[in-house]
Amino acid sequence: MRTFKPKIRSGKFTRYFYVRGPVDLNNRRRICTNKTSQVAGLNVSSQVLRNVIEKRSIMAETFRGNWSTWFEFLFSCIGEMVGLGNIWRFPYICFKNGGGAFLVPYLIFMMLLAMPLVFLEFTYAQYSNLGPGKVWLCCPLFKGIGYGMLTLVAISGIYYNVIVSWTLYYFGNSFSYKIPWGDCNNEWNTDNCYMRGQTVNDILFNTSLLNITTVQPNGSDQQYTANITIMNLSRQTSAEEFWERHVLDMTDGIENQGHLRWQLVLCLLAAWTALFFSVLKGIKTSGKVMYVASTIPYVFLLILLVRSLFLPGAFSGLAYFFIPRWNDLLKFSVWSDAAIQVFYSSGLGIGGIITLASYNKFHNNCYRDAMILPVLDTFTSLFAGCVVFSTLGYMAEASNVQIDDVVKQGPGIAFMVYPEALATLPLPQVWSVFFFLMLFTIGLNTMIVQVQVITTGIFDNFPNLMQRGKTLTRLFVCITGFVLGLMCVTQGGVYILQLIDWYAASVSLMFLLLLEVIVLAWIYSTERLYCDIAMMIGFMPNPIWKICWRITCPLIVASLWIINNVQHEPIKYGKKSYPSWAIGVGWIIAIVPLIMIPTGIVQSFLAAEGDFFQRLLSTLKPSPMWKPADTKGESDGNNIEMIKLNKLSDVNGAIQYGKIDKL
């Protein structure tokens, strides 16, 4: 009996695949045992091949599992892509680079960069059901790329959950009878504190008593004293002083770390505890959590947008955000900022997308998903920009200042500017609770995926832990993250946090992605990728994706990497410069993920056999363990067929094996 399989369009020929079936797992093992070097063109013994297939089959059937529904995967990917940067980075970048005109280069790069690369990462992860720590069986020489991704996500997870803990601290303070950042009458406030919109009579300016000495013509000195009103150039808003003098209780530099802020330690512990219970059972719990955690931010954003639209000045803020300044499109910086924003917003190169796709069912339509998710990410960024700028428009009008005077980028817009605006509304506690709960869920979504990346990498490389110590492994990861995060919740911890954030992804992230694209498109080859895709979704995608993977994406990513490093500046916190030793530590942080690449190359060479060229060729080819994901019953007998199709470059060799009939 032969089972008809969908046709695959390839060049001038149209192929139809027929599979003898159904073939159960035992029969598949028998086939692997009887056939030796003909299978996938690999020069291995039947015993080795049998052991390899049995090991992968056990991993697939016993340990890993798949998403219960497609929506769990969808919401998890939304949680990975939609991060805190969508709230505090995109609105500012859009405003700074031409307003509505910025959307032109942004959408272009979304189609040229985000969609192809998301599709690429979905493809080989879903095909193998392996995370970044093991998926490079497709080209063992470069398995250091996966190790680099795991290292990078581990480093970023240390400080990212500290930011999540800040949102919890603000969330708790939002229940106060009086919003603590709403005025200057608190113990942490100084004489330099002011509330935006105050007049001179409300002490917008500080009064200082100056001694003025004048010299008389006859040479005698006579001292006059006068009261002169001067502008205090170091004044801070009540929200800024709450942030720097109360929440962080900052020291004067990274050299002086001070003591632990016990309030932030408790918030950090709460954040990691929530994270542990979210990943307690792997995708079984995280998938369910994502249903809620990925939808809550949209609900709160909608509530905040509706409220802000009824405020005076809201539409002025929206106009500032959307009205295009077309002349800005002639600036090179606008296009480079758009490409970089697309790159970071899509969550590429850090292993999150690969990990989530590795839990997909084999026949999931990853082509469709790769088209949907970048569009949803862009929509979320625009949605968040509307919420932020409608509120900033109100704040500027209420304070009688220009919007430029209240706009900030980075955490400042989330922890100083926006809370300051919410404090002026009726019932500020309600709106503050909504806002910081939204930030917490967005941050939690991202951290769930990051922990999944690390634990998946561990379980893929040490499957025995999956069987005996899943919960303990996840607990160990969370405890380690909490302990390492303590250095960021001291009085000087914000300097360490910014140091890690500044250097962690500045060099390594784009380089890892660049190498990933080149290896998959040119060494593993786009032909293999297209065949893998056809096996999963039943048809060949448009050839345009080959051009993107081979030419367009590598050129764009390489250009961004060069531009990013050329424009790189020494780190500063505000106007405070970091000492040379701290900058040196930052560069070490930047290089550590890249060290994994030569480490992986050396490890692969040592594990291979033969002379130098034999080892090189064998490590550039897919490993014997590289095979399609086990598909549980209906297509189980097709796995050996898929191995051959994926690795045989000669169609006649496949026909000789007796599994493919070409019409």
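Note that the structure is predicted; figures quoted are calculated from it, not measured.
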Validation row, ring centre Tyr359 to ring centre Phe73 under 6.0 Å: no
Pair Phe310 and Tyr394, ring centroids less than 6.0 Å apart: no
Trp188 ring center near Trp181 ring center (under 6.0 Å): no
SG-SG under 2.5 Å, Cys193 vs Cys184: yes
Donor-acceptor contact present, side-chain Thr490 to main-chain Gly493, <3.5 Å: yes
Phe276-Phe482 aromatic ring centre distance below 6.0 Å: no
4.5 Å side-chain heavy-atom contact, Phe242 and Asn173: yes
Lys361 atom NZ: more than 12 heavy-atom contacts under 6.0 Å: no
Residues, nucleotides or ligands: over 12 heavy atoms within 6.0 Å of Lys284 NZ: no
Given Leu486, Val489, Val162, the one that forms side-chain contact (heavy atoms from CB on, under 4.5 Å) with Leu264: Val489
Pairing residues for Phe476 by the ring-ring contact (aromatic ring centres under 6.0 Å, His included) criterion, not counting sequence neighbours: none
ring-ring contact (aromatic ring centres under 6.0 Å, His included) partners for Phe383, two or more places apart: Phe379
